[in-house]
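For reference, the structure discussed in these notes is given below.
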Protein chains: 2
Amino acid sequence: MPKCNTGHEVLVVVGQVRPVAHPTSPALHVLHVLLWQHTLGPAAGRWALPGGVVGDDEDLATSATRQLAEKVDVRSLSHLESVAEFSDPSRIPGRRVFASGFLGVLPSDADPDIPDDTAWFRVDDLPDTVFDHAEIVARARARLAAKLSYSTLGFALAPEEFTLSTLAQHYAAALGHPVDPTNLQRILTRRGELVRCGRSAPPGPSGGRPAALYRFAERRLRITDQFATLRPPVDVLTEDRA
Amino acid sequence: MPKCNTGHEVLVVVGQVRPVAHPTSPALHVLHVLLWQHTLGPAAGRWALPGGVVGDDEDLATSATRQLAEKVDVRSLSHLESVAEFSDPSRIPGRRVFASGFLGVLPSDADPDIPDDTAWFRVDDLPDTVFDHAEIVARARARLAAKLSYSTLGFALAPEEFTLSTLAQHYAAALGHPVDPTNLQRILTRRGELVRCGRSAPPGPSGGRPAALYRFAERRLRITDQFATLRPPVDVLTEDRA
DNA sequence: TCAAAAGTGTTAACAGTACACCCATGG
DNA sequence: CCATGGGTGTACTGTTAACACTTTTGA
């Protein structure tokens with residue numbers, strides 16, 4: 001293989017809503033990001049996104065999936081999408097490397113066995129990161145928040161079955177602002193995303209009405225609100241559906 | 001320079017709303033795309049997007065701008081943005097080449113001197129194109145249409161000064177469905193995008209009230225409708241603004 | 001005075017936030 | 001029977017598509 005003066009890597013922002021132990025924290029659920037720590041070289045001690053060089057015979061998404069499985073043992077992504085390309089010629093020292101930033105999402109009930117040199121960090125409280133990785137996290141986070149609003153992406157955050165309050169907490173953790181469970185229910189029901197399981201979750205230690213369990217009708221990404229305005233006339237829409 | 005087994009190119013979908021001569025066509029304005037024709041090799045006769053290999057010391061957007069200027073003499077883009085990365089290892093024959101697909105927009109009054117081997121094509125009636133270029137056009141077109149709905153991107157299509165009916169025709173050409181000038185005016189005015197020039201356009205040959213001329217308050221991309229739903233509560237929004 | 005084109009105003013539907021109120025359960 | 005939390009219903013606001021109506025021009 002000839003030596004190359006440029007390379008191409010993928011870097012994945014793996015996001016997961018995780019409970020926070022500390023009881024003084026206002027939010028019980030917080031969006032976390034998976035990072036690993038450099039132990040050698042000039043960046044020793046600093047943290048980086050999982051990823052690596054793209055293989056010759058794989059596309060970017062395939063490479064991202066493979067490297068997450070190999071390097072941090074993450075195999076249960078509910079969503080993976082490309083966010084942006086980072087192409088500044090001097091983004092890292094040494095030879096020129098393009099980076100494809102991806103957003104990966106884990107449902108909150110997934111619990112991968114991550115290696116010793118990796119850890120989960122609250123997205124609002126990242127450690128010292130390497131190169132442009134903090135910017136990549138910011139871009140991925142913005143994408144996640146935006147897409148929750150106009151697509152069915154919520155399924156990727158949630159476990160198989162959930163109560164509406166926990167789902168609202170998941171949305172709140174990802175969006176960064178409170179979400180009213182009442183209104184969330186109306187929106188998701190109107191879109192046909194929610195299905196009642198029939199069963200209920202046991203109430204908390206201090207009593208309270210048991211919460212009904214729901215699941216997503218379909219664990220697949222769909223754009224539900226494509227147009228903020230200037231929507232096509234209804235007759236055009238119905239034509240398209242035919 | 002060592003020989004590489006992979007490369008990285010940019011490909012730009014240059015979009016422009018252009019008048020259509022044929023009088024039987026229902027729309028007077030149609031979205032067009034700039035393509036150039038291969039004359040040599042196995043792809044001779046087929047059409048391709050402008051672009052080329054990214055230089056060692058330029059980022060992707062810089063490279064796109066440079067190559068449009070050098071190769072098709074397009075220097076008056078009103079907008080340029082990255083759309084997607086095309087990374088299928090076999091997307092083109094021969095060595096592996098990543099392609100960054102860009103959307104470029106020309107205002108309808110720009111009239112670049114394009115070379116002999118390039119031509120404008122209606123976006124709904126493309127000729128035989130090379131490799132995955134048709135898919136890149138489709139992705140860029142979808143991006144343009146979506147972004148018109150929730151941002152100020154309309155300025156990129158329009159000339160410096162315009163009447164509301166021509167502006168509505170520009171939007172209609174890019175969106176692919178009719179746009180009511182009345183409602184367009186309300187929306188853009190509420191967003192503070194429109195400014196009256198004071199002057200009027202001369203009426204057509206068959207008379208009619210002369211149309212007022214408008215311009216955009218600001219020729220800069222801004223997201224105006226970020227949330228389709230699940231917007232943050234008002235107190236959070238005002239906090240952010242402070 | 002008429003046709004054509006632009007601009008104004010109105011209406012009805014709808015979506016979304018906020019919030020009050022009722023219900024089910026454990027202690 | 002009371003506290004705790006879940007669920008339901010409603011009021012209010014803002015936005016938009018659709019369309020009728022008025023205004024201004026040339027012939």
Side-chain angles (χ1 to χ4, degrees), chain A residues 28 148-150 154 161-172 175 177-214 224-238, chain B residues 28 148-150 161-169 171-172 175 177-214 224-238:
Chain A
L28 290 165
L148 278 180
S149 154
Y150 62 82
E161 301 189 341
F162 47 82
T163 69
L164 275 174
S165 2
T166 55
L167 185 65
Q169 284 180 339
H170 282 64
Y171 272 82
L175 291 170
H177 65 75
V179 173
D180 184 328
T182 299
N183 297 332
L184 182 63
Q185 180 188 28
R186 193 195 335 278
I187 289 164
L188 296 183
T189 302
R190 209 177 50 76
R191 290 178 180 171
E193 288 191 62
L194 276 187
V195 176
R196 291 187 92 118
C197 303
R199 290 170 306 110
S200 298
S206 59
R209 177 172 171 173
L213 285 172
Y214 293 83
T224 51
D225 295 68
Q226 186 170 7
F227 300 95
T229 181
L230 296 171
R231 344 182 213 291
V234 279
D235 52 326
V236 173
L237 269 182
T238 47
Chain B
L28 291 165
L148 277 179
S149 156
Y150 63 82
E161 301 189 342
F162 47 82
T163 70
L164 274 175
S165 3
T166 55
L167 185 65
Q169 285 181 338
Y171 272 82
L175 290 170
H177 65 75
V179 172
D180 185 328
T182 298
N183 296 333
L184 182 64
Q185 180 188 30
R186 195 191 335 273
I187 290 165
L188 297 183
T189 302
R190 211 178 51 76
R191 290 177 178 172
E193 288 192 61
L194 276 187
V195 175
R196 290 188 92 119
C197 303
R199 290 169 306 111
S200 299
S206 60
R209 177 172 171 171
L213 285 172
Y214 292 83
T224 51
D225 295 68
Q226 185 171 5
F227 300 96
T229 180
L230 296 172
R231 348 183 208 291
V234 279
D235 51 326
V236 174
L237 269 182
T238 45

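Below, chain A is the first sequence line, B the second, and so on; all start at residue 1. Hydrogens, waters and symmetry mates are skipped; everything else that's a heavy atom, side chains included, is used.
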In whole angstroms, how far is the [atom2] atom of [N] from the [atom1] atom of [X]?
X	N	atom1	atom2	value
L188(B)	dT15(D)	CG	C1'	14 Å
Q169(B)	dA5(C)	CD	P	11 Å
D180(A)	dG9(D)	CG	C1'	13 Å
L230(A)	dA18(D)	CG	C1'	14 Å
L194(A)	dG7(D)	CG	C1'	13 Å
D225(B)	dG16(C)	CG	C1'	14 Å
R209(B)	dA6(C)	CZ	P	10 Å
Y150(A)	dG16(C)	OH	P	16 Å

Worksheet item: Closer to the 5' end of DNA chain C via nearest nucleotide, is it P210(A) or L213(B)?
Response: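 Looking at the nearest nucleotide for each, L213(B) comes out on the 5' side.
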
Worksheet item: Under the salt bridge (charged side-chain N to carboxylate O under 4.0 Å, His left out) test, which residues partner R190(B), sequence neighbours left out?
Response: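 Expected list: none.
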
Worksheet item: Taking the nucleotide of DNA chain D with the closest heavy atom to each, which residue, R191(B) or S165(A), is nearer the 5' end?
Response: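 Here S165(A) is the residue nearer the 5' end.
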
Item to complete: Start with the C-alpha distance between L175(A) and V179(A), add both sets of side-chain angles, then the distance that settles side chain to side chain contact (heavy atoms under 4.5 Å, CB included), and finish with yes or no.
Response: CA-CA 9 Å; L175(A) 291 170; V179(A) 173; 3.8 Å; yes

Item to complete: Describe the nucleic acid contact of R196(A) in one word from base, sugar-phosphate, nothing, applying a heavy-atom distance below 4.0 Å.
Response: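 Answer is sugar-phosphate: R196(A) comes under 4.0 Å of backbone atoms only.
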
Practice prompt. Look at all strands and tell whether A201(A) reaches a base, only sugar-phosphate, or nothing, counting heavy atoms closer than 4.0 Å.
Written response: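 It contacts nothing in the nucleic acid.
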
Discussion item. Please confirm whether the shortest side-chain N or O distance from Q185(B) to OP1 or OP2 of dT8(C) is below 4.0 Å.
Written reply: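 Yes, because at least one side-chain N or O of Q185(B) sits under 4.0 Å from OP1 or OP2 of dT8(C).
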
Practice prompt. Kindly say if R190(B) contacts the phosphate of dT15(D), meaning a side-chain N or O under 4.0 Å from OP1 or OP2.
Written response: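 Yes, within the criterion.
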
Worksheet entry | Per A211(B) side chain, nearest of listed nucleotides dT24(D), dA18(C), dG7(C) |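 Closest nucleotide among those given: dG7(C).
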
Worksheet item: Choosing from dA18(D), dT17(C), dA6(C), which nucleotide comes nearest the side chain of R231(B)?
Response: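 My answer, after comparing the listed nucleotides, is dT17(C).
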
Worksheet entry | Among L164(A), V195(A), T189(A), the one residue meeting side-chain contact (heavy atoms from CB on, under 4.5 Å) with Y214(A) |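 Among L164(A), V195(A), T189(A), the one that satisfies the side-chain contact (heavy atoms from CB on, under 4.5 Å) with Y214(A) is L164(A).
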
Item to complete: Flag the pair P233(A) / H177(B) as yes when at least one side-chain heavy-atom distance between them is below 4.5 Å, and no otherwise.
Response: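 With C-beta onward as the side chain, the pair touches.
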
Discussion item. What I'd like to find out is whether the side chain of Y150(B) reaches to under 4.5 Å of the side chain of T229(A), using heavy atoms alone.
Written reply: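 No; the side chains remain at least 4.5 Å from each other.
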
Fill in: Partner residues of F162(B) under the ring-ring contact (aromatic ring centres under 6.0 Å, His included) criterion, sequence neighbours left out
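Listed in chain order: F216(B).
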
Worksheet item: What's the verdict on side chain to side chain contact (heavy atoms under 4.5 Å, CB included) for Y171(B) and D180(B), showing C-alpha distance, side-chain angles and the deciding distance?
Response: CA-CA 10 Å; Y171(B) 272 82; D180(B) 185 328; over 6 Å; no

Name the pairs: protein N/O against N/O of nucleotides 9-12 of chain C, kept only if under 3.5 Å.
unit_1	atom_1	unit_2	atom_2	d
dT10(C)	O4	R186(B)	NH2	3.2

